[in-house]
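Since the structure comes first, as structure tokens, the remarks are kept for the end.
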Number of protein chains: 2
Amino acid sequence: MAAEPVEAAASAAPAAPGTPGTPERPGTPGTVRPGGRTARVRAAVLRAAEDALVEHGFGGLDLADLAQRAEVGRTTVYRRWGSTTALVADLLTDMAEQSLPRSRSGSLAEDLRANARLVRRTLADPRQGALFRAVIVAANGDPGTAEALRHFYRRRVEEWAPCVTEAVERGELPPDTDPFEVIRAVSAPLYYRMLTTAEPLDEPAADRAAAAAEAAARAGAYRRQEP
Amino acid sequence: MAAEPVEAAASAAPAAPGTPGTPERPGTPGTVRPGGRTARVRAAVLRAAEDALVEHGFGGLDLADLAQRAEVGRTTVYRRWGSTTALVADLLTDMAEQSLPRSRSGSLAEDLRANARLVRRTLADPRQGALFRAVIVAANGDPGTAEALRHFYRRRVEEWAPCVTEAVERGELPPDTDPFEVIRAVSAPLYYRMLTTAEPLDEPAADRAAAAAEAAARAGAYRRQEP
DNA sequence: CCCCTAATGGGACTCCCGTTCCGTTAGGAT
DNA sequence: ATCCTAACGGAACGGGAGTCCCATTAGGGG
């Protein structure tokens with residue numbers, strides 16, 4: 001991954017329970033060093049965190065084990081992130097920066113189906129699916145992580161919204177249709193399956209989700225004002 | 001660590017209120033005692049678990065604290081349930097037995113909206129919402145708990161399916177519409193909001209979920225066979 | 001190239017979760 | 001009513017997660 005600038009851990013900044021004059025906490029006046037080593041450590045830990053989350057889930061996330069995987073000192077992990085939820089929040093801001101290219105076929109039905117299938121494939125994939133599950137679990141246990149997750153999904157939805165906007169411009173959908181709401185409507189049943197009912201996440205399910213969202217959108221269910 | 005048969009009634013216990021705990025010692029084929037004290041302990045612990053989950057979420061669930069709340073010995077809690085996930089699984093089987101009465105208005109749109117509003121109100125309620133969140137989090141970290149959650153939702157969906165079936169019989173919906181799928185389609189966007197995007201769970205959102213599910217159903221998006 | 005210090009890392013220490021041992025209580029069968 | 005034993009509870013133990021202290025390393029400004 002790219003060595004992006006500064007700490008994204010602003011929202012998940014390590015709490016400083018120690019004495020209030022203690023140096024070496026982020027926020028103290030002086031030069032911040034986002035430099036090579038720090039970035040390298042962050043990248044190594046985040047990648048190790050992904051692996052650990054996939055293997056043992058969020059509940060089984062162990063910062064000590066993590067440090068060993070990343071070949072980094074335990075102290076460093078505890079100091080920089082402080083908690084498992086803060087670490088996952090940082091991982092999420094990192095994930096939010098990697099954007100997936102979306103297809104633009106010019107047909108609403110096709111675009112929605114492509115989106116549904118992409119989401120489906122992601123959630124059904126053993127590695128990606130486990131990661132998303134873990135990340136969502138973490139977000140539901142900590143406000144900061146929840147905010148990071150919210151940001152992640154906003155990014156994803158923004159990428160796909162244009163295909164709805166264009167359909168509105170073509171007159172396929174009611175003029176005051178909320179594009180975000182339509183895109184989210186595609187994902188919702190797939191996430192619902194993964195998180196609660198545990199039913200098979202197969203391709204027909206994805207196509208049904210896309211078709212349902214399209215039908216509902218055409219019927220005006222996602223208009224901003226009620227008729 | 002070797003896991004002894006401590007595995008309590010959790011993973012597969014279809015327990016009635018006041019149900020026997022599972023016999024524990026491998027070599028004691030003696031009588032099981034579903035009796036008063038055991039049932040009382042279970043009820044007290046499950047109620048305390050609800051409170052604790054609401055207050056601190058699943059991640060903050062502490063069996064020792066739980067025992068104190070329930071005025072029960074720590075050892076008892078560890079012996080009977082063994083883990084926090086197993087305890088939540090037992091709580092879920094208990095919750096599955098309390099059924100909510102549903103309204104039957106004879107109109108598909110109204111029934112779906114009533115369902116959506118009920119779900120919405122439940123998830124938006126500080127107590128119930130926190131409880132559901134915690135329970136879902138627990139289920140996503142343990143297969144046994146996931147099975148219990150699946151069972152819980154099957155019950156709930158079965159209760160509401162008839163209003164779809166009747167709409168099919170009245171000819172309002174395509175004949176091969178899957179009733180379960182329609183009911184789940186109502187819940188999905190609401191759960192999606194709560195678990196991932198954290199957008200407001202207000203009444204318009206509920207009504208939109210109901211309207212979208214209805215429109216999609218009418219359009220044949222939930223038919224068992226593809227056209 | 002050199003220095004200053006932010007950042008890392010090792011190791012010891014503490015505290016608490018989960019387990020084990022064993023005595024006590026109470027359900028229910030006779 | 002009495003006995004048997006399933007189930008509960010107190011207390012001590014062990015281990016691992018998280019913290020603290022201080023020496024070491026390396027970024028980057030001069």
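Computation of the quantities below employed the complete heavy-atom set of this structure, encompassing side-chain atoms and omitting hydrogens, waters and symmetry-equivalent molecules.
Between L61(A) atom CG and dG18(D) atom P the separation is 9 Å, expressed in whole Å. As a whole-Å value, the separation of D62(B) CG from dA17(D) P is 16 Å. The distance between atom CG of L66(A) and atom P of dG16(D), rounded to the nearest whole Å, is 18 Å. Atom pair R42(A):CZ and dA7(C):C1' shows a separation of 16 Å (rounding to whole Å applied). Protein atom CD of Q68(B) is 15 Å distant from nucleotide atom C1' of dC17(C), rounded to whole Å.
For residues 128-140 of chain A, no pair satisfies salt bridge (charged side-chain N to carboxylate O under 4.0 Å, His left out), with sequence neighbours left out.
Residues Y192(B) and S187(A) come closest through the heavy atom pair OH-CB, 3.6 Å.
Closest to the side chain of L63(B), from the set dC8(D), dA7(C), dG18(C), is dG18(C). Closest contact between the side chain of R79(A) and the listed nucleotides dT8(C), dG18(D), dG27(C) involves dT8(C). The side chain of Y78(B) approaches dC17(C) more closely than any other nucleotide in the set dC17(C), dT8(C), dA17(D).
Judged by distance alone, the side chain of T145(A) and the main-chain N or O of V88(A) form no donor-acceptor pair under 3.5 Å.
The ring-ring contact (aromatic ring centres under 6.0 Å, His included) check on F180(B) picks up nothing, with sequence neighbours excluded. The salt bridge (charged side-chain N to carboxylate O under 4.0 Å, His left out) search around R127(A) returns E50(A), D51(A), not counting sequence neighbours. With sequence neighbours left out, F58(B) forms a ring-ring contact (aromatic ring centres under 6.0 Å, His included) with no residue at all.
Salt-bridge formation is detected for the pair E166(A)/R104(A): a Lys NZ or Arg NE/NH1/NH2 atom is positioned less than 4.0 Å from an Asp or Glu carboxylate oxygen. Between E181(A) and R208(B) a salt bridge is recorded (basic side-chain N to carboxylate O distance below 4.0 Å).
Close to dG27(C), at under 4.0 Å from its OP1 or OP2, lies a side-chain N or O of R40(B). Note on T76(B): a side-chain N or O is less than 4.0 Å away from OP1 or OP2 of dG9(D).
Mapped onto DNA chain D by nearest heavy atom, T84(A) and V41(B) fall at different nucleotides, with V41(B) at the one closer to the 5' end.
Checked by distance alone, R37(B) brings a side-chain donor or acceptor within 3.5 Å of a matching partner on the base of dT25(C). Side-chain to base pairing of R80(A) with dT8(C): no donor and acceptor N or O lie closer than 3.5 Å to each other.
Across its full length, the helix from dC1(C)-dG30(D) to dT30(C)-dA1(D) shows an angle of 50° between the axes of its 5 terminal pairs at either end, rounded to 10 degrees.
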Enumerate the protein-to-nucleotides 10-12 of chain D contacts in which both atoms are nitrogen or oxygen and the separation is below 3.5 Å.
{"from": "dG10(D)", "atom 1": "O6", "to": "T75(B)", "atom 2": "OG1", "distance (Å)": "2.9"}
{"from": "dA11(D)", "atom 1": "N6", "to": "T75(B)", "atom 2": "OG1", "distance (Å)": "3.4"}

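Donor-acceptor pairing under 3.5 Å is lacking for the side chains of S105(A) and S103(A).
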